[in-house]
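By convention in this document, chain letters (A, B, ...) are assigned in the order of the sequence lines, proteins followed by strands, and residues within each chain are numbered from 1.
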Protein chains: 2
Amino acid sequence: MQETPKQESLFTAIADVQRRKILNLLKQGEMSVAEIKAHFEFSGATLSHHLSILKGAELIRVRRQGQQRIYTLNLSVLEEMMLLMNRLLGKD
Amino acid sequence: MQETPKQESLFTAIADVQRRKILNLLKQGEMSVAEIKAHFEFSGATLSHHLSILKGAELIRVRRQGQQRIYTLNLSVLEEMMLLMNRLLGKD
DNA sequence: CATATATTTAGATTATCATCTAATTATCTA
DNA sequence: TAGATAATTAGATGATAATCTAAATATATG
């Protein structure tokens with residue numbers, strides 16, 4: 001069974017430890033970039049980069065609220081990710 | 001919850017598409033290096049490199065059989081991997 | 001409208017990683 | 001034991017990715 005670019009992007013997205021930390025953080029609930037940033041050492045530009053990769057993989061969603069951007073986990077893609085993992089690792 | 005080096009190595013191991021293909025291939029059953037190699041374009045040295053990363057993550061096991069080395073999936077670590085994914089992505 | 005705040009984008013740098021060829025190790029067999 | 005076969009290891013190279021600073025964009029507010 002062939003792997004799609006979208007699936008590829010999921011594996012790439014979770015390959016980085018900082019991005020996994022961001023995902024974990026967002027399990028607490030939606031957060032602005034500044035709120036997320038408060039949990040990390042790296043620059044805002046780097047955070048923006050990671051968020052864009054997570055968003056590209058559709059693991060998170062954004063909405064605008066004034067001058068802030070609020071990020072949330074995208075649960076449906078998380079579920080798809082689990083299916084993918086099952087397929088990669090499972091016996092079917 | 002803190003991520004261990006072993007868990008880190010699992011995410012790194014599945015990050016590469018070729019390694020994911022190797023895992024998929026081994027779902028068919030155990031194989032020697034030469035048998036695995038027959039499915040890919042890259043050199044034996046590169047294959048050896050990928051196998052060593054998968055082995056480092058304990059996703060596969062090796063045993064010797066004459067001058068060959070036979071690789072098999074390590075199902076217990078695959079299950080652990082699923083738990084990890086659940087924890088990363090799940091709601092708990 | 002000018003300035004402040006929030007975030008992203010551009011461009012450069014550095015580190016990591018996949019890959020290669022050549023050399024090495026280990027095993028088998030004539 | 002010499003030569004052949006199987007696989008790994010060493011060392012180098014090129015590509016990709018994480019990170020930074022500086023600049024740009026967008027929004028809010030005095």
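In terms of the side chain to side chain donor-acceptor pair (under 3.5 Å) criterion, A:Ser9 has no residue partners (sequence neighbours excluded). B:Lys21 meets the side chain to side chain contact (heavy atoms under 4.5 Å, CB included) test with B:Val17, B:Gln18, B:Phe40; sequence neighbours excluded. Scanning for side chain to side chain donor-acceptor pair (under 3.5 Å) contacts around A:Thr4 gives an empty result, with sequence neighbours left out. With sequence neighbours excluded, no residue forms a ring pair (Phe, Tyr, Trp, His ring centres under 6.0 Å) with B:His49. When the salt bridge (charged side-chain N to carboxylate O under 4.0 Å, His left out) test is applied to A:Glu35, no partner is found at least two apart in sequence or on another chain. Scanning for side chain to side chain donor-acceptor pair (under 3.5 Å) contacts around B:Thr12 gives an empty result, with sequence neighbours left out. Residues passing the side chain to side chain donor-acceptor pair (under 3.5 Å) test with A:Ser52: none are found, sequence neighbours excluded. Remark: A:Thr46 pairs with A:Phe42, A:Ser43, A:His50 by the side chain to side chain contact (heavy atoms under 4.5 Å, CB included) rule, at least two apart or across chains.
For DNA chain C, the span of nucleotides reached by chain B at under 4.0 Å from its heavy atoms goes, 5' to 3', from C:dA18 to C:dC28.
Among the atoms of the strands shown, only primed sugar atoms or phosphate atoms (P, OP1, OP2) are found under 4.0 Å from some heavy atom of B:Ser32.
Mapped onto DNA chain D by nearest heavy atom, B:Ala34 and A:Ile53 fall at different nucleotides, with B:Ala34 at the one closer to the 5' end.
For DNA chain C, the neighbouring residues in residues 39-51 of chain B, judged by any heavy atom under 4.0 Å, are B:Phe42, B:Ser43, B:Ala45, B:Thr46, B:His49, B:His50.
The hydrophobic cluster containing A:Leu10 does not contain A:Ile53, counting ILVMFWY residues as joined when their side-chain heavy atoms lie under 4.5 angstrom apart, directly or transitively.
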Check the interface with nucleotides 25-30 of chain D: list each N/O to N/O pair with the protein under 3.5 Å, or write none.
from: D:dT27; atom 1: O2; to: A:Gln67; atom 2: OE1; distance (Å): 3.1

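When the P atom of D:dT8 is taken as reference, atom CD of B:Gln68 falls 11 Å away, rounded to whole Å. Note: CG (B:Asp16) to P (D:dA15) measures 17 Å, nearest angstrom.
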Which atom pairs, one a donor and one an acceptor, fall under 3.5 Å between side chains of residues 55-71 of chain B and the rest of the protein, sequence neighbours left out?
from: B:Arg63; atom 1: NH2; to: B:Glu30; atom 2: OE1; distance (Å): 2.6
from: B:Arg63; atom 1: NH2; to: B:Glu30; atom 2: OE2; distance (Å): 2.5

